[in-house]
Amino acid sequence: MTKPANLGSSPMVSRDSGGSLVEQIVRSVACRIDDKLLRTGSRMPSIRQFADEQKVSRFTVVEAYDRLVANGYLESRRGSGFFVRERASLLNNLSPVTQPLPTSQQPDVVWLIRNMFRQLPPQKMPGSGLLPHEWLDGELVANGLRSISRLNQNLLLHYGTQQGFLPLRQQLQLKLAELEIAASPEQIVTTNGVTQALDLVASEFTQPGDTIFVDDPAWFLMFGTFATLGAKVIGIPRLHDGPDVAKLAELAALHKPKLYIIHSVLHNPTSTSLSAAKAFQVLKTAEQHDFMIVEDDVYCDMHPGSAVQPATRLAALDQLNRVIYLGGFSKTLAANLRVGFIATSHQNAIRFSDRKMLSTLTTNEICERVVHKILSEGHYRKHVDRIRSKLDTARHEVTSRVEKMGMQVEYRTPAGMFLWVETGTDTIALTEKALEKGILIAPGSLFSPHQLPSTHMRINVAAMGDEGVWKFLENELR
């Protein structure tokens with residue numbers, strides 16, 4: 001016969017406590033289980049008995065028991081009640097939250113991404129690609145979520161539409177028109193961020209053995225994504241105003257690429273932007289050698305306009321014939337709002353929509369509704385204006401301190417969140433030492449498809465507010 005759980009005689013709840021009654025019960029029972037005061041397999045008091053003993057409602061006990069089941073502390077047996085669950089075997093099957101970096105493992109793309117998701121303070125992650133939480137507007141997102149929650153609940157229970165939430169695509173049509181890119185809602189496909197957009201495009205246009213061009217340096221995540229598709233990734237040297245077009249033409253004739261992925265505006269990691277002259281030459285080369293251009297414009301809203309930094313979007317010149325345009329909102333709204341989009345020709349939009357359906361059915365319409373509300377109510381413009389202003393201040397201060405330390409900023413740009421810095425030392429070794437101090441930096445080797453040793457590193461100017469980071473760099477680079 002199963003022994004009943006002994007909860008003791010002391011009360012588990014207090015009306016004077018700050019937490020809700022449900023939270024108090026959950027916390028108290030969980031602590032008793034963690035401390036081995038409640039034995040595995042023992043039967044919990046019935047809902048009625050527990051409610052009577054603790055002088056709470058049965059509804060409170062039901063919710064508390066349900067939360068304990070959801071968190072692996074209890075199990076529900078139909079017709080028999082609730083029992084203490086075996087925690088050891090459950091926890092052994094879970095991956096650890098963090099794993100130390102083996103001394104023999106050199107930082108690579110997967111290494112950096114894994115460590116970006118560690119619970120380090122944002123101000124100790126100058127190698128990350130995100131803005132600090134305090135720079136963003138959580139209330140703006142929360143208001144959007146609250147508004148969506150007040151809709152007819154049936155609207156939140158079904159799949160989204162294959163191509164994406166139509167009112168959002170209509171709003172994106174207006175946004176693209178401001179960039180002089182003409183795209184109807186039927187030419188726009190929503191995605192789970194720009195990452196999925198790139199994956200859909202590469203999967204549709206390439207087969208194993210095909211060649212994809214990227215900038216060098218460039219956003220590192222692409223390299224791993226394209227490698228899984230069996231593609232050959234070749235870097236095109238990036239200069240202050242765009243790619244080395246002579247090298248682009250030479251390598252295009254040699255390798256016959258299917259795609260060229262380019263950051264025209266606020267290139268990651270240099271924060272440079274494409275000049276009009278270079279843009280025309282890139283399009284001419286693409287037409288001559290018959291490859292498609294994928295324009296990743298995820299930093300679009302951080303750009304202050306051509307009056308401050310000249311910038312030409314290839315999609316505005318080409319009008320989505322040979323150029324596929326990508327955008328998203330994870331950088332300016334919230335990393336957890338995985339809402340991106342593809343703007344392309346009508347024919348390509350159908351192909352991408354079908355491929356998206358086969359891989360993920362639909363995207364998250366709840367998130368898409370939130371983004372639509374934020375864009376359509378006009379609050380977004382003021383929000384990104386504040387971000388640009390903060391970036392301007394931080395960029396000036398960080399550039400000054402970096403140069404005083406003897407490092408060289410490769411391109412002194414008037415916009416963007418990144419500096420591409422020459423340190424004069426091996427930044428892989430520097431990265432390993434930094435992680436031992438709880439600091440995440442991004443070595444230059446990760447930003448090249450060759451991933452050879454480099455003395456460069458990417459600095460996120462918004463994440464340099466911790467004096468401990470500066471002290472570490474001063475000690476290591478002096």
Between [X] and [Y], does at least one N-O distance fall below 4.0 Å, as a salt bridge requires?
X: Arg401; Y: Glu467; result: yes
X: Glu377; Y: Lys373; result: yes
X: Lys175; Y: Asp301; result: yes
X: Arg381; Y: Glu178; result: yes
X: Arg146; Y: Glu139; result: yes
X: Glu204; Y: Arg355; result: yes
X: Glu75; Y: Arg77; result: yes
X: Asp354; Y: Arg351; result: no

Side-chain contact test, heavy atoms from C-beta onward, threshold under 4.5 Å: evaluate it for [X] versus [Y] and give yes or no.
X: Ser448; Y: Pro217; value: no
X: Thr360; Y: Gln196; value: yes
X: Thr161; Y: Leu166; value: no
X: Leu430; Y: Met457; value: yes
X: Met302; Y: Leu266; value: yes
X: Leu200; Y: Ser359; value: yes
X: Asn268; Y: Tyr299; value: yes
X: Asn348; Y: Gln187; value: no

| said: Can you list everything that forms a side-chain contact (heavy atoms from CB on, under 4.5 Å) with Lys433? Sequence neighbours excluded, please. | reply: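 By the side-chain contact (heavy atoms from CB on, under 4.5 Å) rule, Lys433 matches Phe472, Glu476.
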
| request: Please name all residues satisfying side-chain contact (heavy atoms from CB on, under 4.5 Å) with Ala64, sequence neighbours left out, ordered by chain then number. | output: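 Only Val22, Ile25, Val26 meet the side-chain contact (heavy atoms from CB on, under 4.5 Å) criterion with Ala64.
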
Assess, by modelled atom type and distance only, whether the side chains of [X] and [Y] contain a donor and an acceptor separated by less than 3.5 Å.
X: Gln451; Y: Ser445; value: no
X: Thr362; Y: Lys356; value: no
X: Ser353; Y: Gln162; value: yes
X: Thr272; Y: Thr413; value: no

Distance-only, no hydrogens or angles: does the [X] side chain make a donor-acceptor pair with backbone N or O of [Y] under 3.5 Å?
X: Trp470; Y: Met464; answer: yes
X: Ser28; Y: Gln24; answer: no
X: Thr431; Y: Thr427; answer: yes
X: Gln163; Y: Ile188; answer: yes
X: Glu295; Y: Ala315; answer: yes
X: Ser271; Y: Phe418; answer: yes
X: Arg395; Y: Met417; answer: no
X: Arg369; Y: Asn364; answer: no
X: Thr206; Y: Ala202; answer: yes
X: His303; Y: Gly305; answer: yes

Taking all heavy atoms of [X] and all of [Y], pick out the closest pair and write down the distance.
X: Pro449; Y: Val233; answer: CB-CG1, 4.0 Å
X: Pro167; Y: His372; answer: O-CD2, 3.3 Å
X: Val214; Y: Phe223; answer: CG2-CE2, 3.7 Å
X: Tyr325; Y: Leu176; answer: CE2-CD2, 3.5 Å
X: Thr191; Y: Ala197; answer: OG1-CB, 3.8 Å
X: Val265; Y: Ser273; answer: CA-OG, 3.6 Å

| task | Could you please spell out the steps behind the side chain to side chain contact (heavy atoms under 4.5 Å, CB included) verdict for Thr393 and Glu397? | result | CA-CA 6 Å; Thr393 300; Glu397 293 174 352; 3.6 Å; yes

| Neighbour count above 12 (heavy atom, 6.0 Å) for Asn475 CG |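 Above 12, so yes.
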
| Do other residues, nucleotides or ligands put more than 12 heavy atoms under 6.0 Å from the NE2 atom of His346? |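 Check passes, neighbour count above 12.
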
| task | State which residues pass salt bridge (charged side-chain N to carboxylate O under 4.0 Å, His left out) with Arg386; sequence neighbours excluded, sorted by chain then number. | result |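 If we apply the salt bridge (charged side-chain N to carboxylate O under 4.0 Å, His left out) test to Arg386, skipping adjacent residues, the hits are Asp137.
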
| task | List for me each residue that meets salt bridge (charged side-chain N to carboxylate O under 4.0 Å, His left out) alongside Asp385, sequence neighbours excluded, and say none if there are none. | result |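 Partners of Asp385 under the salt bridge (charged side-chain N to carboxylate O under 4.0 Å, His left out) test: Arg388.
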
| task | Evaluate the salt bridge (Lys or Arg N to Asp or Glu O under 4.0 Å) criterion for residues Arg27 and Glu23: first the C-alpha distance (whole Å), next the side-chain angles of each, then the deciding distance (0.1 Å), finally the verdict. | result | CA-CA 6 Å; Arg27 185 165 55 248; Glu23 290 169 346; 5.3 Å; no

Distance (rounded to the nearest 0.5 Å) between [X] [atom1] and [Y] [atom2]:
X: Asp52; Y: Ile47; atom1: CG; atom2: CD1; result: 12.0 Å
X: Ile181; Y: Leu172; atom1: CD1; atom2: CG; result: 11.5 Å
X: Met405; Y: Thr423; atom1: CE; atom2: OG1; result: 10.0 Å
X: Arg39; Y: Ile33; atom1: CZ; atom2: CD1; result: 13.5 Å
X: Cys367; Y: Arg338; atom1: SG; atom2: CZ; result: 10.0 Å
X: Asp66; Y: Phe82; atom1: CG; atom2: CZ; result: 5.5 Å

Listing, residues 326-335 side-chain donor-acceptor contacts under 3.5 Å, not counting sequence neighbours, or none:
{"from": "Lys331", "atom 1": "NZ", "to": "Gly129", "atom 2": "O", "distance (Å)": "3.2"}
{"from": "Thr332", "atom 1": "OG1", "to": "Tyr380", "atom 2": "OH", "distance (Å)": "2.7"}

| said: With side chain to side chain contact (heavy atoms under 4.5 Å, CB included) as the criterion, how do Lys124 and Leu440 come out once you've worked through the C-alpha distance, each side chain's angles and the decisive distance to 0.1 Å? | reply: CA-CA 6 Å; Lys124 287 188 175 291; Leu440 179 69; over 6 Å; no

| said: Please evaluate residues Thr363 and Glu368 with respect to the criterion side-chain hydrogen bond (donor to acceptor under 3.5 Å, both in side chains), reporting the C-alpha separation (whole Å), side-chain torsions for both, the decisive distance (0.1 Å), and the verdict. | reply: CA-CA 8 Å; Thr363 39; Glu368 291 176 3; 2.5 Å; yes

| message | Applying salt bridge (Lys or Arg N to Asp or Glu O under 4.0 Å) as the test, list every pair that has at least one member in residues 186-197; sequence neighbours left out. | response |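 Found none.
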
| task | May I ask you to establish whether Arg85 and Tyr73 are in a cation-pi arrangement, using a distance under 6.0 Å from NZ or CZ to the six-membered ring centre and at most 45° from the ring axis? | result |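 Ring-cation test returns no.
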
| Check: Trp420 ring centre within less than 6.0 Å of His456 ring centre |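 Yes, ring centres under 6.0 Å apart.
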
